[in-house]
Enquirer: 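Okay, handing you the structure first.
Every chain is numbered from 1, with letters handed out A, B, ... down the list of sequences.
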Protein chains: 2
Amino acid sequence: MSRITIKDVAKAAGVSIATVSNVINQSGRVSEETIERVKKIIDELQYIPSASARSLRDKHTHLIAVIVPYADRTTLQDNPFYWQLVSAIESGARNHRLHVLLVGVSEEETFSFVREKHLDGLIVVGTFSDSPIMSSLADIQVPCVYLDSYLEDEDLYQIYVDDRKGGYLGAKHLLEQGHRRLALLSNSMTEGGVGEVRYAGFMEAVKEYGVSDETVTLICEDVSMEGGYRAASRIAEFAEGITGVMAFSDIAATGLIKGLHDRGIRVPNDVSVIGFDDLMYSRHMIPSLTTIAQNLSEKGRLSVQLLMEQIECKPPRKSRKVVLPVKLEVRESTANHRSGN
Amino acid sequence: MSRITIKDVAKAAGVSIATVSNVINQSGRVSEETIERVKKIIDELQYIPSASARSLRDKHTHLIAVIVPYADRTTLQDNPFYWQLVSAIESGARNHRLHVLLVGVSEEETFSFVREKHLDGLIVVGTFSDSPIMSSLADIQVPCVYLDSYLEDEDLYQIYVDDRKGGYLGAKHLLEQGHRRLALLSNSMTEGGVGEVRYAGFMEAVKEYGVSDETVTLICEDVSMEGGYRAASRIAEFAEGITGVMAFSDIAATGLIKGLHDRGIRVPNDVSVIGFDDLMYSRHMIPSLTTIAQNLSEKGRLSVQLLMEQIECKPPRKSRKVVLPVKLEVRESTANHRSGN
DNA sequence: CTGAAAGCGCTTACAG
DNA sequence: CTGAAAGCGCTTACAG
């Protein structure tokens, strides 16, 4: 059984294909009774218009892609963060009758598939100004929304959270609890981006509390549990006096806590740990994770909305950057410094 | 700037569009020098063939969809399990030059988009024989691979893990450690599917050890941390003597352990807990989670492969069902029963 | 080795 | 209100 086409419908209804097309697209210039008849036939025949044929004419496909970076050239980042975000995007897209393509990209990615497949738009997660991805993306004339990317270009639609404040709140929380020897666990910051901004916020609080910069140890590792785990050994071996650590992701914080635990360092008794993101499992960890919470559902929903505004050529917004709030979520992994330790 | 088409290339190269098409598709009947010339022009013009136009003719799109069930009609299951699986599928698909659409479906879903968008194939996760999804899928004549679905039809391509053995190994492990009062944490099994099979395997071991069925408490909750957390209170309140629990997912086990912990019940000292899946974070939990490990990467990779075999009409396999192995991963959340408790 | 032509399934002016 | 026709960008017999 080959595909039912508009021709079959037209023949069965005794009208032209133009008329069928008109009833489908509700162009309004068809008589009531013809509409009824054609609709009935469409139902009977279970006719479904071909998206290929349509997009060949219309140029749009109702298809968007979420671009997430590969961890190691072949696999997506092993971080529930992406799943929560992509989930929110999927459900947001659905409300706009869009389908979403999930594509992982490595640095040498080429984006020819965007034009090849006539994608209507792109949501790009976690890139940065000098990234090879940004330059591959340069020619692609397609609506884009960038998440967590800190791009200079004012014309770009961007969404991020208040990373500076997140870093600030994290440091402040640690400092208020009496911790003075602090560590920061970040991805390598050569990339610019969120790490830098959070770092700046963190340091701002440190300064405010009159603590010397030098007591803050910066540790750079992958954003992964393994990265966090490695950081734990670095802290244990090279920085004995540290009692407060902020990780710039819950995922790294998780590995860090485990690493500390495996070395007999208790959290929060010996060392307080604070994360960033508030993943769905963070409240269920033992100890539950103090963290800087962001609303991933909102981020996903909003990214689709910003994309739609571009696709539909809505009147431009005052600013194309949206900053979402963060909030300190105090749980069990942080506690007051005990001078005894 | 509108799209560069095959016409532009043909004109620039001084050949017909048929010739351009032939060099693109390497049909082999073009002279070397023409090939060179055309290729050069293609490069210069950055010509990219239109997938819409192609698929209008060829009928295939190199697009597949991963179908995952919604948790609550609007959001995807909040389970890293899916992310790990979908990641593996994405990277497998990439090796076959396929793109993947991520689509969450609720029970009353219609799959008209499959025909509308001319998808080449579907990977369907976690459905079951009498599911409304299966009946919506019935008409869709498109290659499918079902994951973890226990469908009767022998003609369907299916992949699952050795769930019976998983249940068996879990029970055996608990029993060997001296636990006699056991609980099972599953999703509601009205659905049939993996829960039933794991349950059967579990009971098999119970019988083997001469333990009465009646000492096994079955608890049904959502496959989620919250579900696991609720189960903890049920165990604490209504089944005091239980010392060994198997959850049919790591995600539920995580919530369960947290729930027990919050009630002052220690894992593994008071109660041993074993999960199922071996998610990436399970080894980093505190205590690290004893679990039945499955290889999600392999599952994802294989599902793409089975799909490709159908798409390319490869000679059929002896069996269309593939059962992947499971393996007991003993970690910290289980321990010998202490009669003292 | 190369090209003219038909056709894939639609939509949208344009006539009537 | 309805239909014939052109055209979207390709590929594939078919001629030559």
Enquirer: Show the atom names and distances, to 0.1 Å, of all donor-acceptor pairs under 3.5 Å that link a side chain in residues 42-51 of chain A to residues at least two apart or in another chain.
Expert:
unit_1  : atom_1 : unit_2   : atom_2 : d
A/Ser50 : OG     : A/Ser52  : N      : 3.3
A/Ser50 : OG     : A/Ala53  : N      : 3.1
A/Ser50 : OG     : B/His118 : NE2    : 2.9

Enquirer: Remember a base hit wins even if backbone is also touched, and classify B/Ser21 as base, sugar-phosphate or nothing at under 4.0 Å, heavy atoms.
Expert: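 Base, at least one base heavy atom under 4.0 Å.
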Enquirer: Find the runs of at least 3 consecutive base pairs, i with j, i+1 with j-1 and so on, that include DNA chain C, using Watson-Crick or G-U wobble geometry with both distances under 3.5 Å.
Expert: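 Stems (3+ consecutive pairs) listed as C:1-3 with D:14-16, C:5-12 with D:5-12, C:14-16 with D:1-3.
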Enquirer: If each of A/Thr5 and B/Asn22 is mapped to the nucleotide of DNA chain C with the nearest heavy atom, which maps nearer the 5' terminus, i.e. the 5' end?
Expert: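 Nearer the 5' end of the strand: B/Asn22.
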Enquirer: Distance-only, no hydrogens or angles: does the A/Gln158 side chain make a donor-acceptor pair with backbone N or O of A/Leu151 under 3.5 Å?
Expert: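 Flag set: sc A/Gln158 to bb A/Leu151 pair under 3.5 Å.
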Enquirer: Remember a base hit wins even if backbone is also touched, and classify A/Thr34 as base, sugar-phosphate or nothing at under 4.0 Å, heavy atoms.
Expert: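 Sugar-phosphate only.
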Enquirer: Tell me the ring-ring contact (aromatic ring centres under 6.0 Å, His included) pairs involving residues 50-80 of chain B, sequence neighbours left out?
Expert: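 Found B/His60-B/His62.
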Enquirer: Hey, what do you get for CZ (B/Arg320) to CD (B/Gln310), rounding to the nearest 0.5 Å?
Expert: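 Here the rounded value is 6.5 Å.
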Enquirer: Are the side chains of B/Arg317 and B/Leu306 in contact, using a 4.5 Å heavy-atom criterion?
Expert: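 Yes. Closest side-chain heavy atoms under 4.5 Å.
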Enquirer: I want to check something: taking the side chain as every heavy atom from C-beta on, are B/Lys117 and B/Thr61 in contact at a cut-off of under 4.5 Å?
Expert: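 Of all side-chain heavy-atom pairs linking B/Thr61 with B/Lys117, none is under 4.5 Å.
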Enquirer: Apply ring-ring contact (aromatic ring centres under 6.0 Å, His included) to B/His96 and list each qualifying residue two or more places apart in sequence or on a separate chain.
Expert: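 So B/His96 forms no ring-ring contact (aromatic ring centres under 6.0 Å, His included) with any residue.
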Enquirer: Could you give the start and end, 5' to 3', of the contact zone on DNA chain D for chain A, using atoms under 4.0 Å from its heavy atoms?
Expert: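 Using the under 4.0 Å cut-off, the span is D/dC1 to D/dG9.
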Enquirer: Both A/Ala18 and A/Glu32 contact DNA chain D. Taking the nearest nucleotide for each, which residue is further toward the 5' end?
Expert: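 Counting from the 5' end, the first nearest nucleotide belongs to A/Glu32.
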Enquirer: List in numerical order all residues of residues 46-54 of chain A for which some heavy atom is under 4.0 Å away from an atom belonging to DNA chain D.
Expert: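 When residues 46-54 of chain A is checked for heavy atoms under 4.0 Å from DNA chain D, there are no hits whatsoever.
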Enquirer: Is the shortest side-chain N to carboxylate O distance from A/Glu298 to A/Arg301 below 4.0 Å?
Expert: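 Salt bridge: yes.
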Enquirer: Got a salt bridge between B/Lys40 and B/Glu36, using NZ or NE/NH1/NH2 to carboxylate O under 4.0 Å?
Expert: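 Salt bridge absent between B/Lys40 and B/Glu36.
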Enquirer: Angle class for the A/His99/B/Phe113 ring planes (parallel below 30°, perpendicular above 60°, tilted otherwise)?
Expert: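 A/His99 vs B/Phe113 ring planes: tilted.
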Enquirer: Students often mix this up, so state it plainly: with edges at 30° and 60°, are the rings of B/Trp83 and A/Trp83 parallel, tilted or perpendicular?
Expert: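 It falls in the tilted class, 30° to 60°.
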Enquirer: Map B/Ile17 and B/His118 onto DNA chain C by nearest heavy atom, then report which one ends up closer to the 5' terminus.
Expert: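 Going by which nucleotide is closer to the 5' end, it is B/Ile17.
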